[in-house]
Participant: 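This is the structure I want to talk about, given as structure tokens.
Atoms within a ligand are numbered from 1 in the order they appear, just like the ligands themselves.
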Amino acid sequence: MDKLFGKTLDELKEIVAELGLLAYTARQISDWLYKKDIHDIDAMSNLAKRTRDILKTRFEFGLTPSHNVQESIDGTKKYLFPTIDRKFIETAMIPEDDRVTVCVSSQVGCKMGCLFCMTGKQGFQGNLTAGDILNQLKSIDEWQKITNIVYMGMGEPLDNLNEVLKSLEILTSEWGFAMSPRRITVSTIGLVPGMKSFLDKSECHLAVSMHTPFDEERRELMPIQNVYPLEEVLKEIRSFDFGRQRRVSFEYIMFNGVNDTPAHVKELTRLLSGLRCRINLIRFHPIPGTPLTGSPDHKIQAFKDALNKNGILTTIRASRGQDIYAACGLLSTKELMRKE
Ligand code: SF4
């Protein structure tokens, strides 16, 4: 049975028309789906019983509860949601001061094969729908307290562009969750065509996983460099007008003796000079099956200081939720973090 949750207002209008219901019913349904705290069609109390019965012939409300939740001593939680083929996706909730950030997954597994990532090692099992993505927000205990959303969980969001854009439309539309796009960040390893569409069609922040400024090295860490070299990604970013409010940041996992040298500082400074952006340095905790190890703290600090001195705004992410391995996709290496 199809799910109502995750449909855009336009899709709801089509459904309502197909079912021969009154046009304004679409807006009533979107209010129930995205603005109220109910879980089934029968609770849509301003719809006539007959209307609800007609809807139920084809649709269910569409929320799925989490299968399991683990809580870290620092308050971070990792939720597991069931998806296709008895696989699970991970969602992380990170509380900090007056903020509650949720990290959502966009795919089951991932095709991109980054050397440092657990999800990449699982291979690709499928795309999530907009409803599956939004369910990770609506079906956690803290959903009414969420202040920020990051698409940094399992999968490459721009490899599932249509459903990700749909979920962003629902999150930011006045008829949907009505969230500010400035509170949402979508992370990509740099799929250029998808990035162009995302930049044109949404107003949310962009985070690009860079991890090294050098071609050859990046090719070894991230096979996508063979298809969309960093140079092309940066060219696209430089040609886009981000305005004053929208932000682009670069994620940079620190690998000991690999990408943490003065030569890297120099090349990063050259590549990013004049671009209004920020670099987020991320501690790496080794995963099975890779020779990579994380840079020690003093190196990360020195790297940050050197970049800042060169005029490149750089921060270090704080590790969160390590005791529950609250980590998914990029977060399995990025941990669950906020900037310092
Ligand atoms: Fe996929 Fe991101 Fe992991 Fe790369 S880092 S394999 S894009 S989930």
Side-chain angles (χ1 to χ4, degrees), residues 78-81 83-84 87-92 102-128 132-133 136 149-161 163-164 167 184-195 197-198 204-212 215 217-230 232-233 248-255 258-259 279-294 317 319 321 325-337:
K78 178 172 80 172
Y79 288 88
L80 283 186
F81 288 99
T83 67
I84 45 176
K87 296 260 180 339
F88 291 93
I89 50 159
E90 299 182 1
T91 307
V102 177
C103 171
V104 295
S105 294
S106 55
Q107 295 182 312
V108 189
C110 185
K111 295 174 201 161
M112 302 300 154
C114 301
L115 185 66
F116 46 82
C117 173
M118 284 299 276
T119 303
K121 297 197 183 311
Q122 288 172 26
F124 176 70
Q125 273 92 38
N127 279 324
L128 297 184
D132 296 332
I133 295 170
Q136 298 169 66
I149 299 168
V150 293
Y151 283 63
M152 291 187 181
M154 301 171 88
E156 159 56 49
L158 301 187
D159 187 42
N160 184 15
L161 184 67
E163 294 302 311
V164 165
S167 68
I184 303 170
T185 301
V186 174
S187 173
T188 178
I189 57 171
L191 304 187
V192 173
M195 199 173 78
S197 299
F198 163 75
C204 300
H205 296 312
L206 174 71
V208 175
S209 304
M210 181 189 282
H211 310 320
T212 173
D215 281 1
E217 218 166 68
R218 196 163 186 266
R219 211 167 282 144
E220 281 176 32
L221 293 170
M222 306 166 74
I224 196 65
Q225 176 74 9
N226 292 306
V227 187
Y228 300 115
L230 186 59
E232 210 180 304
V233 176
V248 58
S249 54
F250 295 93
E251 310 295 301
Y252 198 100
I253 303 174
M254 300 289 291
F255 302 113
V258 175
N259 62 355
I279 296 183
N280 293 315
L281 301 179
I282 297 153
R283 290 182 180 83
F284 177 66
H285 297 279
I287 57 167
T290 114
L292 297 163
T293 56
R317 300 271 201 187
S319 301
Y325 200 54
C328 45
L330 277 179
L331 287 183
S332 64
T333 48
K334 282 179 172 176
E335 304 107 41
L336 305 169
M337 10 108 217

Participant: Among Cys110, Cys114, Cys117, which residue places a heavy atom closest to atom 4 (Fe) of ligand 1?
Facilitator: Cys114
Participant: Please identify which atoms of ligand 1 are closer than 4.0 Å to at least one heavy atom of Met112.
Facilitator: 1 (Fe), 7 (S)
Participant: Just checking, any donor-acceptor pair under 3.5 angstrom between side chains of Glu156 and Thr188?
Facilitator: yes
Participant: Tell me if the centroids of the rings in Phe284 and Phe116 come within less than 6.0 Å of each other.
Facilitator: no
Participant: Passes side chain to side chain donor-acceptor pair (under 3.5 Å), Glu217 versus Asn259? Steps please.
Facilitator: CA-CA 8 Å; Glu217 218 166 68; Asn259 62 355; over 6 Å; no
Participant: Hey, which atoms in ligand 1 end up nearer than 4.0 Å to a heavy atom of Gly113?
Facilitator: 6 (S)
Participant: In terms of relative ring orientation, are His211 and Tyr252 parallel, tilted or perpendicular, with 30° and 60° separating the classes?
Facilitator: perpendicular
